[in-house]
Amino acid sequence: MILEKLRQRFGMAEDASPEEVERERFLRYGKDPKGYYADLIGECNVAMHCVETGSPIGGPLYSQEEKAFFGASIPEEKQANIVRIDRVIDGLTPEGETFEQYTRRFLAELDREIRDQKAVGLKSCAAYSEGGLDVRPVEGARPGRPMTGSGREAPGRG
């Protein structure tokens, strides 16, 4: 179905083979990748294209060149960014602060990232983890004290 739509879009003969359509696709992309991409999405009846600026998790962030490619291919009025919360957290190294202090710093950084990216949404991989979003407070925890993963207070903090 996709190759048929591409065949029509390229104005090729009805009896063009899938291989011919693929060759034409690669030829057009090779001549002008941004133009090819912009042409394909230009009239796709999509209100907004959202780019998750923090992906892929575990790999490098999108480069300025990659971001520019998306920006040049999508009409500005249809561009939107999604901020990945995990990347904001990854960029914050705990600095001997209480959980409350760390949380304040995280929220300030998240706010900055949202403003800088002009984000329309947030995303996190937390829902994919073993516990998902079913996070419950640790019983008997004292506020403002760092905790280990077992729910015990971390040693050496007072």
* **Short side-chain to backbone donor-acceptor contact, Q79 and M48, under 3.5 Å** => no
* Heavy-atom distance under 4.5 Å between the side chains of R9 and L40, does that happen here? -> yes
* Co-membership, hydrophobic cluster, residues L92 and V83, 4.5 Å side-chain -> yes
* Roughly how far, to the nearest 0.5 Å, is the CG atom of L122 from the CD atom of Q117? -> 11.5 Å
* Quick one: ring pair (Phe, Tyr, Trp, His ring centres under 6.0 Å) partners of F69, sequence neighbours excluded? -> Y37
* **Interatomic distance, R7 atom CZ to M12 atom CE [nearest 0.5 angstrom]** => 8.5 Å
* Return the set of residues passing ring pair (Phe, Tyr, Trp, His ring centres under 6.0 Å) with F106 (not counting sequence neighbours), or none when no residue passes. => none
* Residues I2, L6; criterion side chain to side chain contact (heavy atoms under 4.5 Å, CB included); working and verdict -> CA-CA 6 Å; I2 291 174; L6 287 174; 4.2 Å; yes
* Any sub-3.5 Å donor-acceptor pair from Q101's side-chain atoms to T98's backbone N or O? -> yes
* Please answer whether the main-chain N or O of K118 pairs with a side-chain N or O of N81 as donor and acceptor at a distance below 3.5 Å. => no
* To do: Determine, for R105 against E109, whether the closest basic-nitrogen to carboxylate-oxygen distance falls under 4.0 angstrom.
  => no
* To do: Please report the closest heavy-atom contact between R84 and S124, naming both atoms and the distance.
  => NH1-C, 3.8 Å
* Asked: Who are the side chain to side chain contact (heavy atoms under 4.5 Å, CB included) partners of Y29, not counting sequence neighbours?
  -> P33, Y36
* To do: Determine which pairs satisfy salt bridge (Lys or Arg N to Asp or Glu O under 4.0 Å) with at least one residue from residues 68-83, sequence neighbours left out, and list them in order.
  => none
* Nearest heavy-atom neighbours spanning A80 and V120 -> CB-CG2, 3.6 Å
* Atom pair CD (E97) and OG1 (T103), whose distance is rounded to the nearest 0.5 Å -> 8.5 Å
* To do: Quick one: list whatever passes side chain to side chain donor-acceptor pair (under 3.5 Å) with D116, sequence neighbours left out.
  => R112
* Once you round to the nearest 0.5 Å, how far does CD1 of I85 lie from SG of C125? -> 10.0 Å
* Heavy atoms, side chains only, cut-off 4.5 Å: are I82 and V51 in contact? -> no
* Rounded distance [0.5 Å steps], CD in E24 versus CG in L3 -> 12.5 Å
* With sequence neighbours excluded, what pairs up with R23 under the side chain to side chain donor-acceptor pair (under 3.5 Å) test? -> none
* Structure fact -> One should read off an interatomic distance between L27 CG and R25 CZ, to the nearest 0.5 angstrom, of 12.0 Å
* To do: Consider only side-chain heavy atoms of I, L, V, M, F, W and Y, link residues closer than 4.5 Å, and tell whether I114 and I89 are in one cluster.
  => yes
